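Step one of this worksheet: look at the structure below.
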There are 4 protein chains.
Amino acid sequence: MNEGLNKVILMGNLGADPELRYTGNGTPVLQLRMATNESFVDKNKEPKERTEWHNIVFWGQRAEALAKVLTKGDGVLIEGGLRTSSYEKDGIRRYRTEVIARDLRFTGRRALAQPPPGLEDDGEATQPGTGVPTTARLGKNGARGRPPEGPALDELPY
Amino acid sequence: MNEGLNKVILMGNLGADPELRYTGNGTPVLQLRMATNESFVDKNKEPKERTEWHNIVFWGQRAEALAKVLTKGDGVLIEGGLRTSSYEKDGIRRYRTEVIARDLRFTGRRALAQPPPGLEDDGEATQPGTGVPTTARLGKNGARGRPPEGPALDELPY
Amino acid sequence: MNEGLNKVILMGNLGADPELRYTGNGTPVLQLRMATNESFVDKNKEPKERTEWHNIVFWGQRAEALAKVLTKGDGVLIEGGLRTSSYEKDGIRRYRTEVIARDLRFTGRRALAQPPPGLEDDGEATQPGTGVPTTARLGKNGARGRPPEGPALDELPY
Amino acid sequence: MNEGLNKVILMGNLGADPELRYTGNGTPVLQLRMATNESFVDKNKEPKERTEWHNIVFWGQRAEALAKVLTKGDGVLIEGGLRTSSYEKDGIRRYRTEVIARDLRFTGRRALAQPPPGLEDDGEATQPGTGVPTTARLGKNGARGRPPEGPALDELPY
DNA sequence: TTTT
DNA sequence: TTTT
């Protein structure tokens with residue numbers, strides 16, 4: 001089987017507060033409704049806007065931590081993959097496509113706020129010399145809290 | 001309006017031959033069924049594979065040109081954006097999420113084949129010094145036919 | 001040889017007006033200087049900002065068309081691939097990494113402006129029912145001018 | 001500040017074993033040399049191949065864990081952002097562009113192997129019902145170990 | 001050297 | 001149902 005790629009990147013806003021649920025298993029599931037906006041000029045040269053709505057899902061500890069910090073209207077950047085599931089309702093097979101999210105980062109006004117409080121709940125240890133970003137990637141690795149550029153240049157070993 | 005981002009990147013294979021249709025308008029629409037494969041190790045440390053299926057759509061001239069060259073099984077890289085449309089069927093509102101594709105590039109065995117014949121049909125002129133790639137981006141700009149790295153280094157103007 | 005992926009997506013602003021040059025060959029080359037900004041909270045919980053600067057290059061007809069419409073300060077979304085070239089200067093081998101761009105789309109205030117005038121210069125024909133987007137993708141395929149979602153839903157053939 | 005996007009996605013192979021170093025600070029830094037391959041047809045319709053080489057850097061705990069499991073030749077998918085740093089050498093200012101990596105996932109033959117041993121070293125706890133993927137994302141969140149599609153459909157709470 |  |  002050839003390893004493939006199934007990648008989605010969305011930048012937009014939450015259209016509603018997040019909804020946290022639990023599977024029968026006890027696994028947390030967070031569902032987000034997210035808008036991405038697009039501007040364009042139509043065939044009559046009139047400026048137009050269009051909004052696309054997306055179903056975003058976070059699983060596991062991330063779901064719980066994000067539930068505490070996300071609010072309707074937040075500007076966010078989401079990365080994940082597509083998943084379409086099917087289910088039967090009223091004797092009819094239906095399909096639902098979601099973005100299974102792996103990362104979330106604040107954009108807009110919250111990008112300069114304190115790091116989301118829920119994130120420290122699961123024992124994040126900030127490494128010496130590590131910046132705490134406004135990202136909400138919930139791995140416990142202190143390094144993930146560093147902005148993408150790493151330590152100051154003057155401490156580079158090369 | 002906050003300009004956002006709605007981006008999908010998929011690498012995988014076509015599960016069927018493409019289907020070309022036309023709107024009432026006469027606009028060509030190409031529909032592809034594409035699989036992306038993923039490997040992982042499950043909770044019992046057993047290697048597993050999973051396939052996700054995607055609905056891909058090309059609009060316009062690209063739809064027609066690609067219809068001529070794509071075949072079931074082809075390895076492709078697709079870029080586009082998500083679009084969910086709703087329609088009524090049997091008195092029930094249904095939703096369908098598709099990837100509206102903007103680019104397609106062959107991967108795998110066809111990446112080294114000749115450029116897709118359909119692509120020359122719309123008058124591609126290859127510029128002097130321009131490689132013709134195995135990409136099926138259908139703009140007529142000769143430059144698009146150049147591999148992403150541009151001309152040979154010794155003809156750089158800087 | 002395994003087909004790989006070499007993909008860069010940048011959203012930010014031009015730090016200077018674009019520079020158009022020509023190779024010995026006569027091939028147009030457009031160089032852009034682009035900033036991407038990032039906000040984060042540092043280890044002392046102070047909000048910080050950081051700017052990364054990128055060298056962007058367009059080749060061919062796109063270079064010329066974009067040269068006419070891009071201005072210092074413009075908000076843009078760029079897609080392309082990395083290319084590092086090496087050259088000798090003062091007897092020393094040096095390296096320069098650039099993003100070889102394949103697409104550019106306006107974000108921010110220009111996203112709702114008229115389509116860039118330079119773009120019609122190369123004979124764009126707008127298809128019936130096709131919106132003209134604020135994107136500056138320079139393929140001549142009318143379909144590329146359609147927003148990512150295609151025609152209105154009521155003209156879908158399915 | 002305008003929050004931007006600085007995103008790189010590469011799929012290819014390691015050209016050498018990884019090199020692990022430490023900053024004066026003690027922060028681990030892992031450097032990878034990675035090739036991405038591209039196939040195209042040149043202006044004479046001859047099939048050609050081209051390889052681009054990239055400098056990849058991981059910081060922090062991830063650097064150490066990955067150092068244990070990566071080997072020359074490995075097929076990997078890397079995600080990160082661009083960072084160009086400047087330094088003085090022989091009285092000349094030089095620039096070096098790197099991809100500051102945030103994620104790594106195996107592709108190819110290792111995608112079905114056991115999860116990288118180094119990864120358990122930092123206390124990974126697999127959640128009930130959670131698959132352990134072949135990804136080397138080093139957050140300690142058990143959820144990250146789930147394939148992008150989440151739990152089985154029959155345990156969905158909706 | 002950009003942007004808000 | 002979001003955002004500017």
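Keep in mind that what you see is a predicted model, and the values were worked out from it rather than measured. Reckoned from all heavy atoms, side chains included, excluding hydrogens, waters and symmetry mates. The chains referred to below are lettered A, B, ... by the order of the sequence lines, with proteins before strands, and numbering in each begins at 1.
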Side-chain touch C:Leu5/D:Leu10, heavy atoms, less than 4.5 angstrom: no
Send over the distance from C:Leu10 CG to E:dT1 P, rounded to a whole Å. 21 Å
Rounded to the Å, how far apart are C:Met11 CE and E:dT3 C1'? 13 Å
Protein-nucleotide distance (C:Asp74, atom CG; E:dT3, atom P), rounded to Å: 9 Å
Minimum-distance nucleotide (side-chain atoms of A:Lys72 versus F:dT2, E:dT2, E:dT1): F:dT2
Whole-Å distance separating the CG atom of C:Asn13 from the P atom of E:dT3: 6 Å
Measure from CG on C:Leu14 to P on E:dT1 and round the result to the nearest Å. 16 Å
Once you round it to whole Å, what is the distance between C1' of E:dT2 and CE of C:Met34? 10 Å
Rounded to whole angstroms, how far apart are CG on A:Asn37 and C1' on F:dT3? 6 Å
Rounded distance in Å - NE2 (C:His54) to P (E:dT2): 15 Å
Student check: side-chain heavy atoms of C:Leu82 and D:Leu82 closer than 4.5 Å: yes
Can you tell whether the side chains of B:Lys7 and A:Glu79 come within less than 4.0 Å, N to carboxylate O? no
With a 4.5 Å limit on heavy-atom distance, are the side chains of A:Tyr95 and B:Asn55 in contact? no
